[in-house]
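Structure record follows, encoded as structure tokens.
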Amino acid sequence: MRLTRRELLATGSALAAGLAAPGILRAQGVKEIRMIEAGGKSGDSMEPYIKPFTEATGIKVVRESPNTFGKLRSLVQAGQTNICLFELGSTGMEQAKALNLIEPLDWDAIQPEAMYPEAKDPMGFGWQYYSTLMAWRSDAKTPKNWADFFNTKDFPGKRTMQDRPYGLVYALLADGVPADKLYPLDVDRAFKAMDRIKKDVAVWWSAGAQPPQLLQDNEVQYAASYSGRVAGIKGISYTYEQAVLDLAYLVVPKGANKADKAAAMRLLREFSRPKAQLEAAKIISYTGPSPELPAMLPKDRLGEYPTVHRDKQVIHNVKWWFDNADMIEKRWQQFKLSL
């Protein structure tokens with residue numbers, strides 16, 4: 001479709017303000033955009049942001065999952081252009097930066113409402129705080145820390161852990177490394193600890209919806225799980241002790257279609273709205289990046305939200321992950337070959 005000079009000027013002005021009028025992006029040929037996210041309730045909690053975007057622009061948003069790091073790497077290496085947003089944790093984003101897998105966001109086009117500083121990264125939009133913690137069937141023996149989780153003799157049962165190298169942090173905590181002495185990670189020591197438990201890990205999960213289902217089906221008795229996936233589920237217990245607090249970012253894969261990326265910047269503005277974040281928090285017990293949100297959260301559910309338990313948790317050293325991204329990825333792939 002050919003646009004008049006007036007329409008082109010209107011399009012540029014609207015995109016620069018992050019407030020594209022209905023139909024303008026579609027006039028550029030954008031009818032839908034595709035994104036890859038974590039799936040499950042976390043993915044469902046994106047709908048309070050997507051719905052007003054689609055109503056305003058007429059553009060459909062197609063969500064896909066899971067969001068494994070290997071998938072991002074494969075998409076970029078294959079020269080894909082149809083995925084304009086990809087969800088990564090903070091360490092995953094730093095690895096993606098180091099490996100040149102993502103490109104900068106256009107924050108001038110997004111023009112977000114107020115956000116916490118760490119959520120506004122040049123390469124990523126921090127949309128959701130979450131924790132990875134220990135969870136277990138309520139009829140299993142209760143672990144207190146990662147040392148108990150890795151102690152399969154005294155805490156018998158099958159485990160499930162994430163198919164990503166972040167488990168190295170849990171392995172070192174289990175091996176007696178104090179939380180404030182974790183970094184730089186002793187990678188050799190961590191993999192030795194992982195070698196001791198790997199025979200008891202029944203499933204290396206890639207989608208966040210897997211751990212609670214595996215626990216409910218009694219296929220495993222203990223799990224490393226995202227906190228919001230197990231909060232409030234009957235028959236599943238969990239603890240924030242030694243949990244890892246993280247921030248999920250939406251990033252743009254290298255080489256994404258430019259028109260799709262422009263539409264994605266408009267969508268990201270919706271993710272900055274505190275009222276939409278409140279609706280998302282009703283779907284899953286995670287929190288968005290607005291400083292206004294905590295006062296709006298339901299008081300009877302505050303114990304479910306990760307940031308309430310910040311003092312019990314570990315925070316990733318993202319610079320270390322950035323500096324060691326390639327080495328860690330190679331070591332993790334080598335470890336997987338030994339399973």
> Does the distance from a Lys or Arg side-chain N to an Asp or Glu carboxylate O, for K261 and D106, drop under 4.0 Å?
Replying inline: no
>> Distance alone, cut at 3.5 Å: any donor-acceptor contact between the side chains of N151 and D154?
In response: yes
>> Count I, L, V, M, F, W, Y as connected when their side-chain heavy atoms are under 4.5 Å apart, and connections chain through other members. Are F271 and L278 then in the same cluster?
In response: no
> Under 6.0 Å between ring centres, would you say that holds for W107 and F125?
Replying inline: yes
>> Please give me the minimum heavy-atom distance between P165 and W332, naming the atom from each residue.
In response: CA-CE3, 3.7 Å
> Any link between V230 and M161 through a network of hydrophobic side chains (Ile, Leu, Val, Met, Phe, Trp, Tyr) touching at under 4.5 Å?
Replying inline: no
> Is it true that the side chains of K198 and S338 contain a donor and an acceptor less than 3.5 Å apart?
Replying inline: yes
> Between R196 and D175, is there a side-chain N and carboxylate O pair less than 4.0 Å apart?
Replying inline: yes
>> Is it the case that the side chains of E87 and W127 hold a donor-acceptor pair, with the cut-off being a distance below 3.5 Å and no angle test?
In response: yes
> Tell me, do Y305 and P298 make a side-chain contact under 4.5 Å, heavy atoms counted?
Replying inline: yes
>> Pair K192, D195 - check salt bridge (Lys or Arg N to Asp or Glu O under 4.0 Å), show working.
In response: CA-CA 5 Å; K192 286 180 181 178; D195 282 335; over 6 Å; no
>> Salt bridge check, E219 against K158: does any charged N sit closer than 4.0 Å to a carboxylate O?
In response: no
>> Just checking H316 against Y166, ring centres under 6.0 Å apart?
In response: yes
> Does one hydrophobic cluster hold both M115 and L245, with members joined at side-chain heavy-atom distances below 4.5 Å?
Replying inline: no
> Going only through I, L, V, M, F, W and Y residues with side-chain contacts under 4.5 Å, is there a path from Y222 to L339?
Replying inline: yes
>> Under the side chain to side chain donor-acceptor pair (under 3.5 Å) test against Q162, which residue among Y170, Y226, W204, W205 passes?
In response: Y226
>> Check this for me: does any side-chain nitrogen of one of R331 and D326 sit under 4.0 Å from a carboxylate oxygen of the other?
In response: no
> Will you find, in the side chains of E118 and Y129, an N or O donor that is under 3.5 Å from an N or O acceptor?
Replying inline: yes
>> Against the six-membered ring of Y240, is K312 placed for a cation-pi contact (under 6.0 Å from the centre, within 45° of the normal)?
In response: no
> Taking all non-hydrogen atoms of both residues, which atom of L88 and which atom of A96 are closest, and how far apart?
Replying inline: CD1-CB, 3.9 Å
> If every non-hydrogen atom of A281 is compared with every non-hydrogen atom of L297, which pair is closest and at what distance?
Replying inline: CB-CD2, 3.9 Å
>> Regarding D163 and S206, do their side chains bring together a donor and an acceptor under 3.5 Å, going by distance alone?
In response: no
> Do you know which two heavy atoms are closest between T160 and F149, and how far apart they sit?
Replying inline: O-CZ, 4.2 Å
>> Let me check something: do L133 and L173 share a hydrophobic cluster, defined by ILVMFWY side-chain heavy atoms less than 4.5 Å apart, either directly or through other members?
In response: no
> Pick one: which of I59, I83, L85, I33 meets side chain to side chain contact (heavy atoms under 4.5 Å, CB included) with D260?
Replying inline: I33
>> Is it the case that the ring center of F191 lies less than 6.0 angstrom away from the ring center of F335?
In response: yes
> Looking only at heavy atoms, which two atoms of L215 and A135 are closest? And how far apart?
Replying inline: CD1-CB, 4.1 Å
> Which pair of heavy atoms, one from E304 and one from A231, lies closest together, and at what distance?
Replying inline: OE1-CB, 4.2 Å
>> Testing the 3.5 Å rule here: is there a donor-acceptor pair between the side chains of E113 and S290?
In response: no
